[in-house]
Protein chains: 2
Amino acid sequence: MKLSTRGRYGTRLLLDLALHGRDGPVQLKDIAHREQISLQYVQHLVTPLIAAGMVRSTRGARGGVWLAKSPQEIKLSEAVGVLEGSIAPAECIDDPKTCPRSDFCVTRDIWGELKEAMDGVLGSTTLQDLVERQKRKQRPVEVMYYI
Amino acid sequence: MKLSTRGRYGTRLLLDLALHGRDGPVQLKDIAHREQISLQYVQHLVTPLIAAGMVRSTRGARGGVWLAKSPQEIKLSEAVGVLEGSIAPAECIDDPKTCPRSDFCVTRDIWGELKEAMDGVLGSTTLQDLVERQKRKQRPVEVMYYI
DNA sequence: TACTTTGTTGAGTATATTAGTCAACAAGGA
DNA sequence: TCCTTGTTGACTAATATACTCAACAAAGTA
């Protein structure tokens with residue numbers, strides 16, 4: 001049940017854009033450096049995000065990438081969906097025809113509930129939520145005063 | 001984020017035992033036949049369940065396997081845990097030391113919530129729940145009258 | 001225009017995991 | 001004793017993962 005690096009790194013990449021993409025394009029090499037991912041892998045992670053219209057880009061000197069929407073409009077469920085494909089724990093959830101037992105299989109029901117539970121988390125969290133959590137983590141002492 | 005066949009088939013194996021293990025040991029070949037899994041693979045699926053004390057067995061003619069506890073005492077979280085290992089979507093959830101970012105990584109928090117959500121489903125479902133769902137599915141027409 | 005910087009794309013690859021099979025063995029019942 | 005059944009470990013084909021390499025395309029700069 002592991003998420004692949006695509007899903008995990010890709011989410012970090014988006015968060016990085018949300019945090020650092022306020023003024024102009026963010027260069028892939030900067031993302032690579034901050035997130036400690038090779039530039040070459042970052043290039044591949046960003047491709048499906050651009051294809052999905054979640055990220056925009058421009059080439060050439062001073063080029064880079066940025067979020068196509070504001071962070072509060074980007075749910076993690078979309079991001080993970082683009083990066084990872086379906087998060088269904090079994091193929092039969094997305095396509096009942098892949099298993100002849102689908103009609104009467106109760107374990108299938110459970111895998112479906114598992115997917116629902118995950119969708120619940122990822123569908124209710126936006127990049128903006130991550131940004132805010134990050135800010136709180138970066139200033140643990142200051143936040144303490146408000147608790 | 002797929003569950004492997006071990007987790008899926010193994011859960012079906014346990015459900016099969018809950019459904020058919022009322023009178024004496026259930027033979028692996030019968031499970032294999034009903035669940036449409038090769039006998040050889042069933043043999044391998046049952047091994048960790050026996051090792052974990054979830055299933056008991058006896059060899060020889062008329063041998064077989066059976067649940068060590070009653071179905072309502074067996075949570076799916078235990079079963080999947082034995083069969084699949086941890087369901088954590090990322091290694092850093094089980095062991096923060098595997099990633100130097102664990103202390104301040106907010107995406108890690110989300111993967112942790114994902115695990116919690118899955119634990120919520122699997123921890124609140126027992127084999128007995130599956131048995132009851134199965135009974136309802138097998139008699140869809142009769143159930144209709146009660147809805 | 002020429003050059004440099006940056007993103008884009010596709011091919012290739014080492015490693016690990018999955019999903020099994022094969023075969024020898026152990027033990028219990030008839 | 002023989003047959004039936006579970007136990008165990010070695011082995012393997014196929015697939016997925018997690019990348020790297022390298023050629024290319026487009027946009028800015030001098």
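In what follows, every chain begins at residue 1, and chains take the letters A, B, ... in the order their sequences are listed.
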Contacts table for residues 22-36 of chain B: side-chain donor-acceptor under 3.5 angstrom, sequence neighbours left out:
from   : atom 1 : to     : atom 2 : distance (Å)
R34(B) : NE     : D16(B) : OD1    : 3.2
R34(B) : NE     : D16(B) : OD2    : 2.9
R34(B) : NE     : H20(B) : ND1    : 3.3
R34(B) : NH2    : D16(B) : OD1    : 2.7
E35(B) : OE1    : R12(B) : NE     : 3.1

Between side-chain atoms of residues 43-62 of chain B and protein atoms elsewhere (two or more places apart, or another chain), which donor-acceptor pairs fall under 3.5 Å?
from   : atom 1 : to     : atom 2 : distance (Å)
T47(B) : OG1    : Q43(B) : O      : 2.9

Considering only distance and modelled atom types, tabulate donor-acceptor pairs under 3.5 Å from the side chains of residues 116-124 of chain B, sequence neighbours left out.
from    : atom 1 : to      : atom 2 : distance (Å)
D119(B) : OD2    : K115(B) : NZ     : 3.3
S124(B) : OG     : G120(B) : O      : 2.8
S124(B) : OG     : V121(B) : O      : 3.2

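In this structure, OG1 on T11(A) lies 11.0 Å from CD1 on I74(A), to the nearest 0.5 angstrom.
Two different hydrophobic clusters hold F104(B) and L127(A) under the rule that ILVMFWY side chains link at heavy-atom gaps under 4.5 Å. Linking Ile, Leu, Val, Met, Phe, Trp and Tyr whenever their side-chain heavy atoms come within less than 4.5 Å puts Y41(B) and L15(B) in one cluster. Hydrophobic cluster membership differs between L39(A) and W66(A), with clusters built from Ile, Leu, Val, Met, Phe, Trp and Tyr side chains linked at under 4.5 angstrom.
L39(B) has its CG atom 7 Å from the P atom of dG6(D), to the nearest Å. Rounded to whole Å, atom C1' of dT17(C) lies 15 Å from atom CG of L3(B). Rounded to whole Å, atom C1' of dG7(C) lies 13 Å from atom CG of L13(A). Whole-Å rounding puts the D30(A) CG to dG7(C) C1' distance at 13 Å.
Looking at residues two or more places apart in sequence or on another chain, you find a side chain to side chain donor-acceptor pair (under 3.5 Å) between T126(A) and D129(A). In this structure, E84(A) has no salt bridge (Lys or Arg N to Asp or Glu O under 4.0 Å) partners at least two apart in sequence or on a different chain. Partners of C105(B) under the side chain to side chain contact (heavy atoms under 4.5 Å, CB included) rule, at least two apart in sequence or in another chain, are R101(B), T107(B), R108(B). Shown here are the salt bridge (Lys or Arg N to Asp or Glu O under 4.0 Å) partners of D94(A), two or more places apart in sequence or in another chain: there are none.
Here the closest non-hydrogen pair linking L14(A) and A79(A) is CD1-CB, 3.4 Å.
Contacts of residues 87-103 of chain B with DNA chain D (heavy atom under 4.0 Å): none. For residues 78-85 of chain B, proximity to DNA chain C is found at no residue, defined as any non-hydrogen atom under 4.0 angstrom from a strand atom. Across residues 21-29 of chain B, V26(B), Q27(B), L28(B), K29(B) each have a non-hydrogen atom less than 4.0 Å from an atom of DNA chain D (numbered order). In the region residues 40-57 of chain A, proximity to DNA chain D at under 4.0 angstrom, judged on heavy atoms, holds for Q40(A), Y41(A), H44(A).
Each of Q134(B), K135(B), Q128(B) was evaluated against E132(B); a single residue qualifies, Q128(B), per the side-chain hydrogen bond (donor to acceptor under 3.5 Å, both in side chains) test.
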(Q) For V80(A) and L83(A): C-alpha separation, side-chain torsions, deciding distance, then whether side chain to side chain contact (heavy atoms under 4.5 Å, CB included) applies. (A) CA-CA 5 Å; V80(A) 172; L83(A) 292 158; 5.7 Å; no
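Within the 4.5 Å cutoff, no side-chain heavy atoms of K75(A) are placed close to those of T125(A). When side chains are defined from C-beta on, K2(A) does not count as touching I87(B), because their heavy atoms never get closer than 4.5 Å.
Considering only side-chain N and O atoms, Y9(A) lies under 4.0 angstrom from the phosphate OP1 or OP2 of dC19(D). Remark: S38(B) is not in phosphate contact with dG20(C), judged by side-chain N or O atoms under 4.0 Å from OP1 or OP2.
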Could you go over nucleotides 27-30 of chain C and give all protein N or O partners under 3.5 Å, atom names and distances?
none

